[in-house]
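Structure first, commentary second.
No experiment lies behind these values; they were computed from the predicted model shown.
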Amino acid sequence: MGLDTSMFYNKNRFKSFVLAVLVILSLTQVGILWYNQNHSFPFNFLKVFSSRIVDDKTEIIEKARKEIYKPYRLTVSNGNASHWLLEENSDIKYELFKEVNEYLKEIFNSSGGVALDSELWSELVIKKSILVEFKTEIKTDLLKWFLNCQRTSKTEFDSIYKVLMVPDEDINNNNTIYLLTSKGLYKYVVPFRKDRISRKDYSNIINNLERNRYISVYKMFIEANPSNVISYQIPSDALCMISSSSYIRLPVIEYSVETEAMDIEKAAAVILGNEKESYDRYIEKNALVFKNINNVYRLYNDGLLEYKYVPGTESGQKGSIGEAFKNAYSFIKRIKDAFINEENGIYISEIRDNNPDYYEFVFDYMAGDYPVYINFNEKGNDKKPLTNAIIIKANSKRIIESRWYIINIHKSRSLKNYNVRFQDLLNGLVRKYGKQALESYKIKNTTIAYLIDGDKFNSFSPVWIVENPEDDYYYVKLDEK
């Protein structure tokens with residue numbers, strides 16, 4: 001009697017099927033355990049089953065470029081001692097910024113830059129031009145990431161602080177771009193393109209600004225102080241008003257804390273999302289705490305959110321600044337969407353790259369066109385000073401640590417007239433800090449701003465701030481008319 005080989009064959013097939021199912025289940029279980037501890041699989045097991053992960057990554061990058069990559073200031077000059085600081089809601093501001101970015105892309109793909117003496121900058125900024133300023137030096141690798149530059153030439157500098165576009169300088173059909181960088185001043189000559197803003201278009205923009213009686217007109221400090229009567233160390237491109245009727249209309253601001261007295265389960269859902277079940281949660285004296293083996297979040301009653309990745313950093317994971325920024329922005333977007341009103345903007349105020357294992361990104365709030373400075377002597381579990389809205393330490397793999405003062409800023413509906421005459425502002429600083437202190441103070445930046453240094457029951461009127469290269473600052477309140 002012969003053996004029924006088909007029966008053995010079917011049994012073996014069944015055993016193989018069961019074994020395959022067990023292997024898949026064991027891998028899935030390992031992945032879930034790893035996820036609960038580290039927020040990610042040791043390999044991208046689920047990516048095989050979900051293309052949405054790729055879509056989310058692309059979406060995050062595009063939103064980061066749109067929401068965070070903005071000029072701190074954009075000034076248009078007519079070459080005849082009139083300068084206009086374009087407002088946030090100005091369409092032409094972002095048309096010009098888009099144009100600047102197109103030229104930056106070409107510059108990053110070329111090697112035709114010429115190094116110049118940085119002392120020439122004061123002569124260039126008073127020309128007919130468009131000046132784009134960032135609050136801090138932006139790493140060129142991060143700029144390339146923002147601009148989606150895939151293959152680029154190597155530049156001699158590693159960060160850019162200001163971009164000046166001088167469309168009328170070259171007699172041929174070329175635009176002239178000056179970059180103020182970490183290594184000094186560089187000049188690039190780039191052809192006008194048919195699909196770009198033309199030389200005539202730039203002139204029309206300036207003509208329209210000249211005819212607009214409702215927009216404030218500034219001078220550069222070098223124009224307001226041609227005989228060096230003012231001896232303070234003020235940058236040549238500092239914007240100032242010098243007429244006796246130098247007033248602007250501004251609101252006062254207040255702020256609210258959306259996380260105050262928040263239910264712990266609601267907070268867990270917002271902060272942790274679909275990872276909330278992997279965390280223990282409890283209430284400390286003045287904070288909600290969410291903790292698992294590798295991660296700790298603390299959300300304080302006053303709005304401060306602290307996060308720490310407990311194992312800390314590992315060597316070799318710093319990676320590219322673009323990947324690190326993507327991680328930082330993913331964190332920002334999740335929290336911002338839940339707690340912060342859409343009209344409350346944030347901007348990059350500093351990038352620190354002195355740690356071998358991570359990048360440190362610093363962000364602050366904007367109230368319309370004006371930055372919001374924060375200054376508290378101590379906040380949080382470690383009682384450290386709080387001088388920025390958001391600080392995130394991140395590498396290409398994850399967020400390492402973060403402190404975020406989660407508040408919503410509200411502008412008053414009514415506006416008041418404030419004196420911004422440059423000499424009056426300087427006199428106010430002298431009265432507050434002393435002439436000797438101001439004469440020895442090297443000023444890097446001046447700006448009208450708001451300073452939050454008290455509790456939420458206060459209102460905060462605008463101030464004038466002068467910063468030094470170390471980002472310390474003096475300030476004086478603007479006087480009402």
Side-chain angles (χ1 to χ4, degrees), residues 58-78 82-108 125 128-136 138 140 142-149 160-167 175-180 190 192-212 214-218 237 239 325 329 332-333 336 340-349 363-372 411 447-449:
T58 303
E59 183 179 330
I60 285 292
I61 292 172
E62 289 305 315
K63 287 188 175 182
R65 288 171 180 147
K66 182 179 178 181
E67 295 180 16
I68 305 295
Y69 180 53
K70 296 181 178 183
Y72 181 65
R73 276 193 294 249
L74 194 150
T75 309
V76 178
S77 304
N78 69 353
S82 292
H83 310 267
W84 297 272
L85 186 61
L86 298 191
E87 296 180 345
E88 183 67 19
N89 60 2
S90 167
D91 290 337
I92 195 64
K93 176 178 181 177
Y94 285 97
E95 283 299 312
L96 290 172
F97 186 52
K98 179 181 177 182
E99 195 74 1
V100 167
N101 286 328
E102 292 302 319
Y103 284 108
L104 285 177
K105 288 180 185 179
E106 292 199 50
I107 287 169
F108 290 146
V125 291
K128 180 180 176 181
S129 60
I130 289 86
L131 173 61
V132 169
E133 300 176 70
F134 301 110
K135 179 61 171 64
T136 188
I138 304 293
T140 51
L142 183 57
L143 282 172
K144 291 172 184 178
W145 184 83
F146 279 131
L147 299 174
N148 198 23
C149 296
I160 295 174
Y161 181 35
K162 299 181 182 184
V163 182
L164 185 72
M165 190 160 57
V166 188
N175 205 340
T176 307
I177 313 296
Y178 293 93
L179 304 181
L180 201 57
V190 184
F192 284 103
R193 306 295 181 190
K194 289 184 179 180
D195 57 342
R196 306 263 188 88
I197 298 176
S198 68
R199 185 173 285 153
K200 183 179 179 181
D201 292 332
Y202 287 117
S203 294
N204 290 338
I205 290 169
I206 291 171
N207 291 339
N208 289 335
L209 289 169
E210 288 175 331
R211 289 192 294 265
N212 189 335
Y214 301 100
I215 185 170
S216 299
V217 182
Y218 294 82
D237 58 359
L239 292 173
F325 190 87
Y329 177 75
I332 286 173
K333 179 165 176 53
K336 186 176 185 293
I340 297 177
N341 298 334
E342 187 175 346
E343 61 268 22
N344 288 177
I346 61 174
Y347 69 96
I348 304 171
S349 52
F363 304 86
D364 281 293
Y365 295 119
M366 292 286 285
D369 296 298
Y370 301 99
V372 178
K411 296 183 291 183
T447 186
I448 295 169

- Task: Show your reasoning for whether salt bridge (charged side-chain N to carboxylate O under 4.0 Å, His left out) applies to Lys63 and Glu59.
- Result: CA-CA 6 Å; Lys63 287 188 175 182; Glu59 183 179 330; 3.2 Å; yes
- Item | Leu86 and Ile92, any side-chain heavy atoms less than 4.5 Å apart | yes
- Query: Are Leu143 and Phe108 side-chain neighbours, meaning at least one heavy-atom pair lies under 4.5 Å?
  - Reply: yes
- Inter-residue atom distance Ile177.CD1 - Tyr103.OH, 0.5 Å rounding: 6.0 Å
- Item | Atom of Cys149, atom of Lys105 and distance for their closest heavy-atom approach | SG-CG, 3.8 Å
- Message: For the CG atom of Asn344 and the NZ atom of Lys336, what is their distance to the nearest 0.5 Å?
- Response: 7.0 Å
- What closest approach, in Å, do Tyr202 and Asn175 show between heavy atoms, and which atom pair accounts for it? OH-ND2, 3.8 Å
- Query: With a 4.5 Å limit on heavy-atom distance, are the side chains of Tyr347 and Lys70 in contact?
  - Reply: no
- Item | N-O pairing of Lys93 and Glu88 below 4.0 Å | yes
- Message: Working to the nearest 0.5 angstrom, can you tell me the gap between Leu96 CG and Leu74 CG?
- Response: 6.0 Å
- Message: Can you tell whether the side chains of Glu106 and Arg193 come within less than 4.0 Å, N to carboxylate O?
- Response: yes
- Item | Ion pair Glu95/Lys98, N-O distance below 4.0 Å | no
- Item | Residue pair Ala367 / Lys411: nearest heavy atoms and the distance that separates them | C-CD, 4.3 Å
- Pairwise side-chain contact, Pro371 with Tyr72, heavy-atom cut-off 4.5 Å (strictly under): yes
- Is it the case that Glu99 and Tyr94 place a side-chain donor and acceptor less than 3.5 Å from each other? no
- Message: Please tell me whether His83 and Ser77 have a donor and an acceptor in their side chains that are separated by less than 3.5 angstrom.
- Response: yes
- Query: Does the side-chain contact (heavy atoms from CB on, under 4.5 Å) test come out yes or no for Ile206 and Val76, once each step is laid out?
  - Reply: CA-CA 7 Å; Ile206 291 171; Val76 178; 3.7 Å; yes
- Note on the structure: Smallest heavy-atom separation, Thr140 atom then Ile160 atom, equals CG2-CG1, 4.1 Å
- In terms of heavy-atom contacts, Pro167 and Phe192 come closest through O-CZ, 3.7 Å
- Query: With under 30° as parallel and over 60° as perpendicular, where do the rings of Phe134 and Phe97 fit, or are they tilted in between?
  - Reply: perpendicular
- Task: For the residue pair Asn101 and Leu147, establish whether any side-chain heavy-atom pair is separated by less than 4.5 Å.
- Result: yes
- Message: Evaluate Ile346 against Asp364 for side-chain contact (heavy atoms from CB on, under 4.5 Å), listing each step before the verdict.
- Response: CA-CA 5 Å; Ile346 61 174; Asp364 281 293; over 6 Å; no
- Task: May I ask you to say whether Asp237 pairs ionically with Lys162, meaning some side-chain N is under 4.0 Å from a carboxylate O?
- Result: yes
- Distance, nearest 0.5 Å, that separates CG of Asn78 from CG of Asn207: 9.0 Å
- Task: Decide yes or no for Lys135 and Ile348: does some side-chain heavy atom of the first lie under 4.5 Å from some side-chain heavy atom of the second?
- Result: no
- Message: Walk me through whether Glu210 and Trp84 qualify under side-chain contact (heavy atoms from CB on, under 4.5 Å).
- Response: CA-CA 9 Å; Glu210 288 175 331; Trp84 297 272; 3.4 Å; yes
- Message: Between Tyr218 and Thr75, is there a side-chain heavy-atom distance shorter than 4.5 Å?
- Response: no
- Task: Could you grab the distance from atom OH of Tyr329 to atom CD of Glu67, nearest 0.5 Å is fine?
- Result: 3.0 Å
- Arg73 and its side chain to side chain contact (heavy atoms under 4.5 Å, CB included) partner, picked from Asp369, Val132, Leu131, Thr447: Thr447
- Step through the shown structure and confirm whether more than 12 heavy atoms of other residues, nucleotides or ligands are within 6.0 Å of CD on Glu343. yes
- Gap separating the CG atom of Asn148 from the CD atom of Glu62, nearest 0.5 angstrom: 7.0 Å
- Check whether any side-chain heavy atom of Leu239 lies under 4.5 Å from a side-chain heavy atom of Leu85, and answer yes or no. yes
- Closest heavy-atom contact between Ser349 and Thr136? O-CB, 3.4 Å
- Phe146 and Phe325 aromatic ring geometry - parallel, tilted or perpendicular at 30°/60° bounds: perpendicular
- Message: Counting only heavy atoms from other residues, nucleotides and ligands, does the tally under 6.0 Å from CG of Asn212 exceed 12?
- Response: yes
